[in-house]
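For reference, the structure is listed below as structure tokens.
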Amino acid sequence: MKIATWNVNSLRVRLPHVLTWLDAEQPDLLALQEIKLPDPDFPAAEFLQRGYQLAFSGQKTYNGVAIVSRTPLTALQTEIPAFSDPQRRVLFAETGGIAVLNLYVPNGSEVGSEKYFYKLAWLKHVCEFIRTLLAGHPRLVVLGDFNIAPADADVHDPGAWVGQVLCSAPERAAFASLLALDLVDCFRIFPQPANSYSWWDYRASGFQRNLGLRIDHILASMDLAAKCRACRIDRVPRTWERPSDHTPVIAEFGD
DNA sequence: ATGGTGGCGCGGCCA
């Protein structure tokens, strides 16, 4: 089973990229973030034509998440229990014998800002949600744009990023508390090229200079992590014309 | 270089 995550920064703009990439990579499941369109505008036909099924929780202008899957998507949830949030950042589904939680973690803007504290509160509630999900779903994947670089190895210039949003100690502690639920960062199961990143700022030629961060992740429960056969970042879509600032992360699971 | 680019939508917010 081949599973991927991609923050597309507007599905309307990126639809040709997403379809080209699906046709080339043929994943069983793709989790999308920042689709930035309301549910009635979701471009469903192009996915259905390709034999994919859909679930989405959209929002006009900002946020919005979706799951594209070869197998039927059931038991959908779009809310974090006991955490009221109008922002569409969460999509849970069961499919193909596993459970999937697609997350678009708040960016946090700037350490100490209102958005930063919203991010930390959001992560705390999501952590409790995942704890509950794991109790009922031993085969769980949590994936998406976490907006956290877990370690200095995930940062092009750790010195410049010390204490900055996406890298601050409270954010990294929140990420560690997710792993402490017994989730595994699939990317780090395997040896990886140095300077592997999933996001590059549009500004200052960030991609051309590989000034990136690894902030998009695929976390697997212990049962699933034991079946993980590969995990990689696909930089190719970031080289295409008018790209998203993120590129896909892919994990493959065996029997 | 307190800049820079991109999406949304048409001024300013968000990333």
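Since we're looking at a predicted model, the values are computed, not measured. Each chain gets a letter, A, B and so on, in the order the sequences are listed, and its residues count up from 1.
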*Just call it for A:R89: base, sugar-phosphate, or nothing, with non-hydrogen atoms closer than 4.0 Å on any strand.*
sugar-phosphate
*asked:* Determine whether A:Y202 and A:N9 satisfy the following criterion, side chain to side chain donor-acceptor pair (under 3.5 Å), listing intermediate values before the conclusion.
replied: CA-CA 12 Å; A:Y202 284 122; A:N9 185 20; 3.1 Å; yes
Enumerate the protein-to-nucleotides 1-5 of chain B contacts in which both atoms are nitrogen or oxygen and the separation is below 3.5 Å.
unit_1 : atom_1 : unit_2 : atom_2 : d
B:dG4  : O6     : A:R203 : NH1    : 3.3

_Using the rule given for side chain to side chain donor-acceptor pair (under 3.5 Å), can you reason through A:Y104 versus A:N147, listing the C-alpha separation, both sets of side-chain angles and the distance that settles it, and then say yes or no?_
CA-CA 8 Å; A:Y104 175 44; A:N147 269 314; 4.5 Å; no
*Given the C1' atoms of B:dC8 and B:dT2, what is the spacing between them in whole Å?*
25 Å
*asked:* I need the CG-C1' distance between A:D245 and B:dA15, as an integer number of Å.
replied: 7 Å
*What integer distance in Å separates A:H246:NE2 from B:dG6:C1'?*
12 Å
*Could you state the atom-to-atom distance from NE2 of A:H17 to P of B:dG7 in whole Å?*
10 Å
*Geometric class of the A:F83/A:Y118 ring pair [parallel <30°, tilted 30-60°, perpendicular >60°]*: parallel
*What one-letter contact string describes nucleotides 8-13 of chain B from 5' to 3', where B marks a base within less than 4.0 Å of any protein heavy atom, S marks contact via sugar-phosphate atoms alone, and - marks no contact?*
SS---B
_Categorize A:F207 for me: base, sugar-phosphate, or nothing, with a 4.0 angstrom heavy-atom threshold over every strand shown._
nothing
*asked:* Please give the distance between the P atoms of B:dC10 and B:dT5 as a whole number of Å.
replied: 23 Å
_Any side-chain to backbone donor/acceptor pair from A:S113 onto A:Y116? Under 3.5 Å, distance only._
yes
*Nearest-angstrom distance from the residue atom OH of A:Y104 to C1' of B:dA15*: 6 Å
*asked:* Would you measure the distance from the P atom in B:dA1 across to the matching atom in B:dG12 and give it in whole Å?
replied: 29 Å
*Under the 6.0 Å and 45° cation-pi test, does A:R70 pair with A:Y52?*
yes
_Students often mix this up, so state it plainly: with edges at 30° and 60°, are the rings of A:W199 and A:H246 parallel, tilted or perpendicular?_
tilted
*For the student: nearest non-hydrogen atoms of A:R238 and A:W200, plus distance*: NH2-O, 2.9 Å
*asked:* Just the rounded figure in Å: distance from P of B:dG7 to CG of A:L15.
replied: 14 Å
_So does A:V236 get a backbone contact from the side chain of A:T239, meaning a donor-acceptor N/O pair under 3.5 Å?_
yes
_Please report the distance, rounded to the nearest Å, between CG in A:D216 and C1' in B:dA15._
13 Å
*Taking the same atom, C1', in B:dG3 and in B:dG9, what whole-Å distance lies between them?*
24 Å
*Between B:dG6 atom P and A:R14 atom CZ, what is the distance in whole Å?*
10 Å
_Euclidean distance, atom CH2 of residue A:W199 to atom C1' of B:dG6 [Å, nearest integer]_ = 12 Å
*Quantified in whole Å, what is the C1' atom distance between nucleotide B:dG11 and nucleotide B:dG7?*
14 Å
*Minimum heavy-atom separation for A:L32 to A:V68, with atom names?*
CD1-CG2, 4.1 Å
*Write down the atom of A:L166, the atom of A:N107, and the distance for their closest heavy-atom approach.*
CD2-O, 3.7 Å
